[in-house]
Amino acid sequence: MINFTKLKKTSTLALGLSVVMPAMATTKLDDENYDVITVTAHEATKKPGTNTEISEHDIRRDGGTNFGTLMRYQPLISAPGNISGSGTGKSSWDRGGFSGYNIRGLDANRVSIDVDGMPLPIAQGRVNSVGRAGFGSYGIGRDYIDTYMYNKVDIQSGATSVSNANNALGGSVSFQTKTASYYLYPGKTSYFGFQNNYDSSDRSYHQGITMAGGDDHLNGIIVLSRRDGQQTRNHGDSINSYPENWHSNSILAGFGWQMTEEHLLNTTVDYNSKTKNSHYDTWDKNGKYIESFDHQRSKNNRFNLAIKDIWQPTNISWIDTLTTQLNYQRTNVFDDTKLQHKSKGNFYTQTNYNTKAYNFITTLIKQIDNQKISAGLNGKWSEDESPFFTSAKSQYGVIFPDGDYSKPQADSKSYQLGGFFEDRISFNTNNSNNFYLVPGVRAIYQNTKPRNLENMSVSNVNSHQLGSQYSSNSDFKVLPSMAFMYDINPNFTAYLQYKRSAQMPNQNQLYGSYLAHSTMYVLVGNSNLKTETGDNFELGVKGQPISGITLSSSAFYNKYKNFIAFTRYRKNFVGIGNRLVYQSENRDKAYTFGAELNSEFNIGTWVESLNGLSARFAIGYNKGKSKSSYLGDKYIEMDTIAPLKSTIGLSWDDPNKFYGVSLTATFQKGKKTDATSRETYLNEGQPIKDSSDDYFRIAGHGIVDLTGYINITNNIRLSGGIYNLTDQKYWDYLSNNKLYSTSDHKCLEMFTAPGRTFQLGLNIDF
């Protein structure tokens, strides 16, 4: 019988060696034949705030094989995730994976994620079987990407800038797809790249091909990526990760065309698809016993079309550059789960989340003497739907005449219009040092309304009655910003900035529905929600204080109000009468503060004999508390605030570029989530009481990674790494902060991070 797994491994290795061996036989590693890639870019504009760029080189060097590991060495940026069927407020048919990014203590939908300017769909709150145990958790995340498809990732920490069309309270993560111009330059009109990787943490294989060709007038690129893997390993002593297998395919095609001397047109089409089969147990929310034994087949895909025109007119004095971009995106999520429930028998559910969106962004830039003016408009229109079906029969037909579960949220459509203006005014002092004043403002209008309410109707509530509960929601906000910058030296700048931020309610908060047909209690969205707002202050420095040191450091304070959460009432609910109702409201206010530092040291700058030796150090500290509007409540530490984290790295790169090696240590402090009784508060006029819940303390940990590369020839590189070199057993805090200390030992063991793992990759570039 043919073993297809071994056949795939063998064929992959053969493909790599078929390219490697002839190249090794014919190519020498010398200066004469060495193919140097030169990247030409416009002078970077100095900007206030904490802005991080993760390049394609960084992704390869640090082993960023997926949505989460991409951020492994960032001090205050991470990717919380869940494992399938784990309990802790999950329903049996929730999928595992990453829910989104956490930046400075704000996560999920409070952080914008986009690909070439087009925002990805929101994370979906837990569907209807979890009740209040699932408040603030997510059943469908925002992982629609393959890291091989991007040249770089731009990150804004804290409130987004006024020029960012995808505004958010907590920051933004922007993926920039590969372009031919990144690989081509004068004298080089073609490029071929092949990447083959293995990651033992999930036994995944990756094959990627990048092909580009053309010149300054017309060029094109094609990128293909395939990944196959299994479940991510844990480090439990008594239980292994539940089995799963998955595969993903990604394809990107794009071209750049200098149509005239004034117009440069770039077009990109990319498609990403992932399928996963998994078997798992679903535990109760306290992690004490198993409720059901389940099998899930899940799929998701994303299609995106982007067209960008860069116009640099020669005869219009008030325009230096006008960039106009159009996007179309379609996403589909489908989960089919078969359950063997101990008390409810065998049944299956089908959950979906489908979106369609159009995006328009235009930005004008004009330099006038000491002023750099930028302004722009943007528009966004989207539709989404959440089909839901279950074969489960109600155990309590009188109480639940339509079954125990209902559609998780109403279908909806939304549009947003926005515009911004920003002026960077520079002043020269002492004929050398520059001082900058940067005022800016963004205006936003958003309107969201439900549709197809008839497919939400149940026995006790018809579409007309639902229409009185779920109506349109709109808001208009003006968001000012102001920054001061000063050049301590030409390459080192200090700044102080203020930004007003806003997060408008999403469709899950407005029209979410949990057991909306129940005659016992209901849990629903709220069409009258207000916009979450924040005031953000930041002081920092960035650049090169002296030759050989690159530094970015900041301290920040953010104050928020109108945070959306669920409030418990006993009141009349449309079509049902007096019931216990959990309804989303602008319930909480919060604040966060902290500091972070990122630095790199090129030691060879000062000691010539150590040319090639470098070090990096990063540390992030963050605190944040929230307080509800409930009588007698107090400020309690937010569970989304990550504990102190630091990274120390030492690298050696051979001056002749033949090999390199890095040793990186990551340390994170332990933390235990503060429990609150806000989700069980009766809201009947009595002061709120302290919670009796006791969460599992996530211990501090330190892990060491060893990575390296060797250039076999000018064009062939072998790279890899050993991660968690000391085989440390630990839990990730943000992914596991709601585990109960009284949970069964096996349940806790499931959530451990991988032990010692390795990656090995072959990169071929011509």
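Everything numeric here is computed off the predicted structure, so don't read it as measured data. For this chain, numbers begin at 1 and follow the sequence in order.
- In this structure the side chain of Q544 never reaches within 4.5 angstrom of the side chain of L551, judged on heavy atoms.
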Checklist entry - Which is it for Q156 and N51 under the side-chain hydrogen bond (donor to acceptor under 3.5 Å, both in side chains) test, yes or no, and what are the steps along the way? => result CA-CA 5 Å; Q156 293 183 16; N51 303 283; 4.7 Å; no

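- Of all heavy-atom pairs spanning G158 and I103, the tightest one is N-CG2, 4.1 Å.
- A cation-pi contact links K178 to Y148, judged by a cut-off of 6.0 Å to the six-membered ring centre and 45° from its axis.
- Under the rule for a salt bridge (Lys or Arg N to Asp or Glu O under 4.0 Å), D114 has no partner lying at least two apart in sequence or in another chain.
- A tilted orientation is assigned to the rings of Y271 and F303, their planes being inclined by 30° to 60°.
- For F420, there are no ring-ring contact (aromatic ring centres under 6.0 Å, His included) partners at least two apart in sequence or on another chain.
- Between R500 and D535 a salt bridge is recorded (basic side-chain N to carboxylate O distance below 4.0 Å).
- Side-chain atoms of N301 and K274, non-hydrogen and from C-beta on, never get closer than 4.5 Å to each other.
- Ring centroid separation for the pair F67 and Y101 comes in under the 6.0 Å cut-off.
- At distances below 3.5 Å, at least one donor-acceptor pair connects side-chain atoms of N219 with backbone N or O atoms of D215.
- Between I122 and Q507, the closest side-chain pair of non-hydrogen atoms falls below 4.5 Å.
- Considering only heavy atoms from C-beta on, F192 comes within 4.5 Å of I209 through its side chain.
- D62 places no side-chain N or O within donor-acceptor distance of the main-chain N or O of G64, the cut-off being under 3.5 Å.
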Item to check | Steps toward side-chain hydrogen bond (donor to acceptor under 3.5 Å, both in side chains) verdict (S161, N164) | outcome: CA-CA 5 Å; S161 64; N164 191 331; 5.1 Å; no

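- Contact between S225 and D146 at its shortest, heavy atoms only, is OG-OD2, 2.7 Å.
- Shortest non-hydrogen contact noted between S501 and A159 is CB-CB, 3.5 Å.
- No donor-acceptor distance shorter than 3.5 angstrom exists from the side chain of R424 to the backbone of K47, with no hydrogens or angles considered.
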Next on the checklist: Show, in sequence, the C-alpha distance, side-chain angles and deciding distance for N272 and R302, and conclude whether the side-chain hydrogen bond (donor to acceptor under 3.5 Å, both in side chains) test is met.
Outcome noted: CA-CA 5 Å; N272 172 262; R302 178 185 60 84; 5.6 Å; no

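- Electrostatic pairing of R104 and E538 counts as a salt bridge here, judged by a charged N lying under 4.0 Å from a carboxylate O.
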Next on the checklist: The test is side-chain hydrogen bond (donor to acceptor under 3.5 Å, both in side chains); show your working for E262 and T314 and say whether it passes.
Outcome noted: CA-CA 7 Å; E262 297 183 350; T314 56; 2.8 Å; yes

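- Ring pair H263/W311 is parallel by interplanar angle, where below 30° counts as parallel and above 60° as perpendicular.
- One finds no salt bridge joining E422 and K372 here, because no Lys/Arg side-chain nitrogen approaches an Asp/Glu carboxylate oxygen to under 4.0 Å.
- Looking at N473 and N447, their side chains never come closer than 4.5 Å, going by heavy atoms from C-beta outward.
- Taking 4.5 Å as the limit, every side-chain heavy atom of F435 sits out of range of all side-chain heavy atoms of S426.
- Taking the side chain as every heavy atom from C-beta outward, R60 and N763 approach each other to under 4.5 Å.
- K542 and F492 get closest at one heavy-atom pair: O-CD1, 3.4 Å.
- Remark: K413 does not engage E383 in a salt bridge, criterion side-chain N to carboxylate O under 4.0 Å.
- Not one N or O on the side chain of Q416 forms a donor-acceptor pair closer than 3.5 Å with the backbone of W381.
- A heavy-atom distance below 4.5 Å is found between the side chains of M504 and I444.
- By the neighbour-count criterion of 12 heavy atoms within 6.0 Å, atom NZ of K366 is densely surrounded, having more than that number from other residues, nucleotides or ligands.
- For the atom pair CG of L364 and CG of L322, the computed distance is 5.5 Å after rounding to the nearest 0.5 Å.
- Minimum heavy-atom separation, K46 to M485: O-CE, 3.6 Å.
- Taking the six-membered ring wherever Trp is involved, the centroid distance between the rings of F476 and Y445 does not fall below 6.0 Å.
- One distance of note links CG of N491 with OG of S547; it measures 9.5 Å at 0.5 Å rounding.
- Here the closest heavy-atom approach between residue N536 and residue L169 is recorded as OD1-O, 4.3 Å.
- Judged as a side chain to side chain contact (heavy atoms under 4.5 Å, CB included), and not counting sequence neighbours, the contacts of T177 are V115, D116, Y150, L252, T268.
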